[in-house]
Structure formats: structure tokens, C-alpha cells
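Values in this document were obtained by computation on a predicted structure and should not be read as measured data. For ligands, and for the atoms within them, numbers begin at 1 and follow the listed sequence.
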Amino acid sequence: MVEANPVELNPAGLEPPHLEKIPQHVAIVMDGNGRWANARGLPRTAGHQAGEHSLMDVVAGGVQLGLPEMSVFAFSTENWKRSPEEVRFLMGFSRSTIHDDRDTLDNWNVRVRWAGRRTRLWASVLREIRQAEFQTRNNTGMTLNLCLNYGGHAEIADAARAIAEDVAAGRLRPADVTEQTVADRLYLPDMRPVDLFIRTSGEFRTSNFLPWQSAYAEYYVTDVAWPDFGRRQLWEACRAFGGRERRFGGAVDRVRSEHSDEG
Ligand code: FPP
């Protein structure tokens, strides 16, 4: 495994573009690590290692661009189905990544948070996450949500269970349950709606990532595998986002004036 250089926040000659409209929350499915590695005759784990560099580069690019919030899918509730060796690797790797990158993220004024389910998550991983959350809690730059042992269905089911408990305890009446009641019980209730949802490595799937929050997200799929994705590609995706017309269920009548004009 070749050691990658540490990622710099503002390397010389790498300026972010000036974009008129930037997404307020970018969600990323960092896919293709295993295929990237296997295509080079390397084990899948080498792809995850290369992916850490991409993650830090993309975070740096997000900070440079002034993105308020980014969420990354580091380990899904479905990833437990992988081989015990890969699961063990991914847990240990998550732990060391968070440990090793915490100070850098802090220096970049990034606020780190965790979204996911406690069950099965290694206690040592959770400890590193909690430390990163604590260390960066007052940072005012980009918020980085690490979605680890995260699944969208699990998140909504957990919210439903919390609502059921409140109803059973007499704290909430069923008639008072609204969309906001559910939103308030998600893992990070103040998470912004996802504006831009990026998936690397060419698959047109959302894979149970932030389904509630992404209801009106714009989707951007690239064939680039995650280890080859970096800040330039993030900026390109944000530029594409700026060209999308968003209606949020509304509609605009665009009959041309020569057809609608009687006179
Ligand atoms: C998907 O590729 C990637 C993962 C399951 C892990 C991604 C994790 C990182 C990049 C490290 C970041 C860690 C933290 C804690 C933030 P895949 O294995 O599904 O690739 P494939 O589709 O080619 O098989």
C-alpha cells in the first residue's frame, strides 16, 4: 500500500470555482472502493484505504467551497452481511480514520457528528466518534455527518419506536403526529434536507442512504470510483447542481406568449 500525502486544505493552484448557487447539504455514497482495488490486483481493503484520502480531499473541497453540511455513508446497517474479515477491517479502519483525521478536521473548523444505530457498532469506534464530536463541537465551518452503522429504514423505524413510546407513556396523542414529529426523532434532527446526493462508481441506487432527508434531493451519479474522486469532482457535481431546476412539487406554466396572447 502506497502512503498518500496528507491532504492540504488550500494547496497552491487549487481554487474552488465561483458558483452562484451552492447546495446546503451534500450527501455522498462513497462507492467503488472494492472494485477499484480488485481492478488493480489489490484486495478490497486497499480500496477502502485509498478512499480515506478521497474523503479528506472532498471534505477540504467542501470547506473551500463554503458548503454548510456534508454527510458520508461510511458503513451501512446492511454492510454487516460482508465477510467477517471485511467487517472487522471496516470497523478497525473507521476507528483509526476518525482517530487520525480528527485533529485535521478540527483545524479546518469542521464540526463532526455521527448518525447511525448503536446496536452492533464497536464500542471502540463509538468512543472515537464521541471524542471527535466533542473536540469539534464548537466549530463553525462545515458540518460533517459520519453515517456509520446507518440505514434509512432503521432510522425511520427507530423514530417510529420513539413515537410509540411517547404515545404509550401519554406524552403524545396519535392525532398530533405530524411529519415534524418524525423529523424530530431522526438521528440528527437538525440535519438539513439533502440538496445534492452524489453516488460514485456508476450505480443508480440510493442504497437506503438518508431516504427521509433526500426526498427532494438532486441526484448526481458519476462513473468515477470513490478512490479516484476528489475535490475537483465534488466541485463539478456542485456546478451541475446549479443548473438544475428545482420545483419541490410546484409547477410553472410556460406556455409561450405568442400562443397565450389573444391580441
Ligand atoms: C463502498 O465501497 C465503501 C465503503 C463500504 C466504505 C467507505 C469508507 C471509507 C471511504 C472510509 C471512511 C471512513 C470513515 C469512518 C469516515 P464498496 O466496498 O461497496 O466497493 P464496491 O462497490 O466496489 O464493492
Item to check | Donor on one side chain, acceptor on other, Asp103 and Gln135, under 3.5 Å | outcome: yes
Next on the checklist: Within the 3.5 Å criterion, strictly below it, is a donor on Asp195 or His25 matched to an acceptor on the partner's side chain?
Outcome noted: no
Name the option, out of [options], that contains the heavy atom nearest to [atom].
atom: atom 3 (C) of ligand 1; options: Arg35, Met30, Glu78, Met56; result: Met30
atom: atom 7 (C) of ligand 1; options: Thr200, Val59, Asn33; result: Asn33
atom: atom 14 (C) of ligand 1; options: Gly47, Ala74, Ser207, Gly51; result: Ala74

Next on the checklist: Using a 6.0 Å cut-off, check whether atom CZ of Arg171 has over 12 heavy atoms from anything other than its own residue.
Outcome noted: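 More than 12 heavy atoms, drawn from other residues, nucleotides or ligands, come within 6.0 Å of this atom.
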Record the part of [X] in heavy-atom contact with ligand 1 below 4.0 Å; permitted values are side chain, backbone, both and neither.
X: Val72; answer: neither
X: Glu203; answer: neither
X: Phe75; answer: neither
X: Leu55; answer: side chain

Next on the checklist: Return the closest protein heavy atom for atom 4 (C) of ligand 1 as residue, atom name and distance.
Outcome noted: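 Nearest neighbour among protein heavy atoms for atom 4 (C) of ligand 1, to 0.1 Å: His48 CE1, 3.9 Å.
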Checklist entry - Honestly, is Arg244 close enough over Phe241, meaning NZ or CZ under 6.0 Å from the six-membered ring centre and within 45° of the axis? => result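 Negative - Arg244 is either too far from the ring of Phe241 or too far off its axis.
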Should the pair [X]-[Y] be classified as a salt bridge under the 4.0 Å nitrogen-to-oxygen rule?
X: Arg205; Y: Asp31; answer: no
X: Glu133; Y: Arg102; answer: no
X: Arg130; Y: Glu128; answer: no

Say whether [X], considering both its backbone and side-chain N or O atoms, lies within less than 3.5 Å of an N or O atom on ligand 1.
X: Gly34; answer: yes
X: Thr97; answer: no
X: Arg44; answer: yes
X: Asn79; answer: no
X: Asp31; answer: yes

Next on the checklist: Do Leu148 and Ile98 make a side-chain contact, defined as non-hydrogen atoms from C-beta onward lying under 4.5 Å apart?
Outcome noted: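 The answer is yes, as the side chains (C-beta and beyond) meet within the 4.5 Å cut-off.
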Next on the checklist: According to side-chain hydrogen bond (donor to acceptor under 3.5 Å, both in side chains), does anything in residues 141-154 pair up with another residue at least two apart or in another chain? List the pairs.
Outcome noted: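 Listed once each, the pairs are Glu69-Asn145, Ser71-Asn145, Trp80-Asn149, Arg111-Thr143, Arg113-Asn145, Tyr150-Glu155.
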Going by heavy atoms, is [X] under 4.0 Å from ligand 1?
X: Arg82; answer: yes
X: Trp226; answer: yes
X: Ser201; answer: no

Next on the checklist: Please list, in number order, the atoms of ligand 1 under 4.0 Å from a heavy atom of Leu146.
Outcome noted: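 By the 4.0 Å cutoff, the relevant atoms are 16 (C).
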Item to check | Those atoms of ligand 1 less than 4.0 Å from some heavy atom in Phe93 | outcome: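 Contacts of ligand 1 toward Phe93, numbered from 1: 11 (C).
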Next on the checklist: Using only atom types and a distance under 3.5 Å, with no angle test, would you say the side chain of Thr178 pairs donor to acceptor with the backbone of Thr181?
Outcome noted: yes
Checklist entry - Does any N or O in the side chain of Asn79 come within less than 3.5 Å of the main-chain N or O of Ser76, such that one atom is a donor and the other an acceptor? => result yes
